Protein chains: 4
Amino acid sequence: MDELPRPKWRKTNNMSADNTFMNSTSDTSSRIVQAAEKLFAEQGFKETTMRQITTLADVNLAAVNYHFGSKKGLIHSVAAQSLTPLCNAIEEGLSKLGVNSPAPGLPELMHILAVALVRVHHRTDYSLSVLMRLLDQAYRPAQQDLQQFIREQYGKRIAVFLHYLRKNTSALSEREFFWRLHFLMGSVIFTLSNMHALVALDQPDAVEEIEVEAILQRMIPVICAGMQAPGQEH
Amino acid sequence: MDELPRPKWRKTNNMSADNTFMNSTSDTSSRIVQAAEKLFAEQGFKETTMRQITTLADVNLAAVNYHFGSKKGLIHSVAAQSLTPLCNAIEEGLSKLGVNSPAPGLPELMHILAVALVRVHHRTDYSLSVLMRLLDQAYRPAQQDLQQFIREQYGKRIAVFLHYLRKNTSALSEREFFWRLHFLMGSVIFTLSNMHALVALDQPDAVEEIEVEAILQRMIPVICAGMQAPGQEH
Amino acid sequence: MDELPRPKWRKTNNMSADNTFMNSTSDTSSRIVQAAEKLFAEQGFKETTMRQITTLADVNLAAVNYHFGSKKGLIHSVAAQSLTPLCNAIEEGLSKLGVNSPAPGLPELMHILAVALVRVHHRTDYSLSVLMRLLDQAYRPAQQDLQQFIREQYGKRIAVFLHYLRKNTSALSEREFFWRLHFLMGSVIFTLSNMHALVALDQPDAVEEIEVEAILQRMIPVICAGMQAPGQEH
Amino acid sequence: MDELPRPKWRKTNNMSADNTFMNSTSDTSSRIVQAAEKLFAEQGFKETTMRQITTLADVNLAAVNYHFGSKKGLIHSVAAQSLTPLCNAIEEGLSKLGVNSPAPGLPELMHILAVALVRVHHRTDYSLSVLMRLLDQAYRPAQQDLQQFIREQYGKRIAVFLHYLRKNTSALSEREFFWRLHFLMGSVIFTLSNMHALVALDQPDAVEEIEVEAILQRMIPVICAGMQAPGQEH
DNA sequence: GATGAATGAGCTTTCATTCAT
DNA sequence: GATGAATGAAAGCTCATTCAT
């Protein structure tokens, strides 16, 4: 199915390894990704059609398949464009304090995560939403492709962060940790994937310039409290 | 030209008013709803086709349109089948303690909610998941139909519960309440809409008999703690 | 295809042979015919669905098939309900003057036809329109069923009238007669099948009580003039 | 949600501005139109399915939607392909004699019309039939779309011709003119929309090469006579 | 690299009809 | 006679994808 002799769809679109500056968002493939991010975030993956994407990006319909091989390829590409910086930023954060501090506390870890999320958000206005929608999707049984993609590409990097998190919650049993982790991932995923809608509900009149920092600042104490709540006796 | 009164798609499937026993799951329309619940929960609404539903329900493809008018009609019907009992159970819970107690505390409210959710779950194995997926969908801008349906049918009943909840969090500013509400709704929605996947991750070998009670018991302390966490100063 | 042991769908619905009085329009089958006439006249045969008919007639969807066997059976029945009285009235008209007068002139023939059409129109408000639409349909190559039905049931009776008509136009060659006949049939068919629309265009504000007599009175001189126009030399 | 600008369904099929020669009937979109014309003329619009059209045209089923957006779009396109040349030819005819002659008489007007109709007919063998069927349809109450399309696109151009026609019939009252116009339109519409069937009836053995010129030559005197017939006193 | 045209598979929906009662 | 439920076939349309240029 994949053995076609076609442009290799390398993950390395022009998206330079370090996304420092060079915001070359003007070329076809970037325009597609950007349009896709917005539409995926607003509507979902399945409900977004290639025509909507290419129309919004103002490129030819066939361009998506040319550049990304398939719709799924585009989704993975969009995912990579957020997940890679996210993991980079998390590792960067960990290593920064890892030198002298023996083990980061829960607030520090949350801070690192928040900084990483903010950095993803600053890529484009929908990077974060679409990333969160993707993580949500990944829990559906029918989306094993997606699960596999994430696990293969980012499994180990994510595991490192979770490892640190686990250290900070040694009071919890393994199962309790598992569930709390997902409760709180639920908060993050739901809030951030719907953040445009929520901000619009919160401030109907404001110009819609999302301040993720503010949202995260509200969320962190809640998450910490949730993580550290006394468990129900079983 | 389009206002023909087809078979009125009565909400009064055989679904007897009190869903005590009488699990008459054998008639066409119930079988459709049940199949739809399972597939919607596992795959999502858009990604589930009518053919999948009617195949699983072992009924004719046209039966869905006969009984529910359209796919959207089926979705609304599925929604109603969970939301109505949920609201009923919540109101029942509220009224039960409302007699002598002046105002319920946060734990009592969570208990009432948990009982209501459990009752929904006991309808069928996927009622709760699909309900949560529906609430999630309702936050997407492109799903105004769904928003409107929920608001029109259940808006006021939900508002009552939120009103009680707000009374218990008078320490929070209006905006802080808004965000915390959604953080914690995120927990509930994410956890319960993916509960089958999560249980399978948690206990890969166990027979998949979902114990929502157990999940909710783990979740309530976390939610209460999150709701009552000290706010970040702004 | 037709050998099913079912209610015989006799052409003799209650529609008594002589439609003198007894306007028993209250029973199911009459209500269906009446609804069908209206919808067929306004929309056409194919574009009218059984649901529209049964809804308008306020009867069960299956009633049409029960009473008429199929949609085509209903169409034939509707046709018969107009064509039979039409032929009756024409023959009646012819016989009335046939005793002492040697051969009727063109104006007399047109008068007979007009009287017959008016009588059909007085059955119900759409009998005439639907009859004309039927005749129009009958010229389509794909409607051989309909052609055959009309020819078998009414061919000979119509031929008699045409025979008289031909006698009055002996100046015309056979071909010229053929074409003029159809030119003028076109006038009649188009005008009467669209008469509701035309009356509404003519008198937008008037209550829509169709006066076919008036229309026919305008049309007869035109048709006579057309029939008797000097031919182009060939 | 539905306003996506699909391939713009340009009216500029290859159909070269001057349809002199270059019968480039080989490209997809022309083949579709041609197949559609034939089937629409023979069977009607509703009774012709997209599958019949694409099968006859030997193109993919989706090609119709690609090129014309929808079945209705195809119908409009087919309509335009006849109506535009018709109006052009009429205007051309009018302007040609308009220079020195003060006002054209009825025979001249009919001649202009006939020439225009012949020119439409020479586009393809079914252009004229389908055009006439379309005009017939446009009188049905349920076809407001079609009415609007014709009125918007061609209303004014048609009105000019009618204006000239009215001048030649100043003896008639406004209402009398209205009715005679439609009587005679009925002749034209009925005859030409069924011309293949009528020619086949007239000359069962002849090769079916339609001679519209001959038909029109027979029809014009009839129409003129009808238009000028002495009115019934009211 | 890019694009207009085309396509196979599959979508939801509609239809006339049938069946069990 | 009459009816609610059900159904097979087919309708118009959409989708991601491919191909020739």
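Please read all numbers here as calculations on a predicted model, not as lab measurements. Just so it is clear: chains get the letters A, B, ... in the order the sequence lines come, proteins before strands, and each one is counted from 1.
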Can you say whether the rings of C:Phe45 and C:Phe40 are parallel (under 30°), tilted (30 to 60°) or perpendicular (over 60°)?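 Rings of C:Phe45 and C:Phe40: tilted, as their planes differ by 30° to 60°.
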If you assign each of D:Gln52 and C:Ala63 to its closest nucleotide in DNA chain F, which residue comes earlier from the 5' end? C:Ala63
Below 4.0 angstrom, which residues in residues 35-50 of chain B have at least one non-hydrogen atom near DNA chain F? none
Does the side chain of C:Gln34 pick up a donor-acceptor pair with the side chain of C:Thr124 at under 3.5 Å?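 No - no donor-acceptor pair under 3.5 Å links their side chains.
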State which of F:dT17, E:dA5, E:dT12 makes the closest approach to the side chain of A:Ser70.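 Looking only at side-chain atoms, A:Ser70 lies closest to F:dT17.
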Side chain of B:Thr28 only, heavy atoms from C-beta on: which candidate in E:dA2, E:dA6, F:dA6 is closest?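 The listed nucleotide nearest to B:Thr28's side chain is F:dA6.
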Between D:Arg51 and C:Lys72, just flag the one whose closest nucleotide in DNA chain E comes earlier from the 5' side. D:Arg51
Contact nearer the 5' end of DNA chain E, comparing C:Ala62 with A:Leu61: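 Whichever sits nearer the 5' end wins; that is A:Leu61.
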For C:Thr54, enumerate each residue passing the side-chain hydrogen bond (donor to acceptor under 3.5 Å, both in side chains) test, keeping only those at least two apart in sequence or located in another chain. none
The criterion is salt bridge (charged side-chain N to carboxylate O under 4.0 Å, His left out); which residues satisfy it with A:Lys38, sequence neighbours excluded? A:Glu42
Tell me, please, which residues at least two apart from A:Lys46 pass salt bridge (charged side-chain N to carboxylate O under 4.0 Å, His left out). none
Round to the nearest Å and state the distance from [X] atom [atom1] to [N] atom [atom2].
| X | N | atom1 | atom2 | value |
| --- | --- | --- | --- | --- |
| C:Leu74 | E:dC15 | CG | P | 16 Å |
| B:Asn65 | E:dC11 | CG | P | 14 Å |
| C:Ile53 | E:dC15 | CD1 | C1' | 12 Å |
| A:Asp58 | E:dA2 | CG | C1' | 13 Å |

Quick one: does any side-chain atom of [X] pair with a main-chain N or O of [Y] as donor and acceptor, under 3.5 Å?
| X | Y | value |
| --- | --- | --- |
| A:Gln147 | A:Ala138 | yes |
| B:Lys71 | B:Thr48 | yes |
| A:Arg31 | A:Asp58 | yes |

List the residues meeting side-chain contact (heavy atoms from CB on, under 4.5 Å) with D:Thr49, not counting sequence neighbours, and say none if there are none. D:Arg51, D:Gln52
So, is A:Tyr66 close to the E:dG1 phosphate, meaning a side-chain N or O under 4.0 Å from OP1 or OP2? no
Under 4.0 angstrom between C:His67 side-chain N/O and F:dA2 OP1 or OP2: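 Result: yes.
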At less than 3.5 Å, do the side-chain atoms of C:Asn60 and the base atoms of F:dG4 form a donor-acceptor pair?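 Yes, the side chain and the base share a sub-3.5 Å donor-acceptor pair.
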Let me have DNA chain E in dot-bracket notation, would you? Count Watson-Crick plus G-U wobble pairs, both distances under 3.5 Å, and use [ ] for pairs crossing earlier ones and | for inter-strand partners. .||||||||||||||||||||
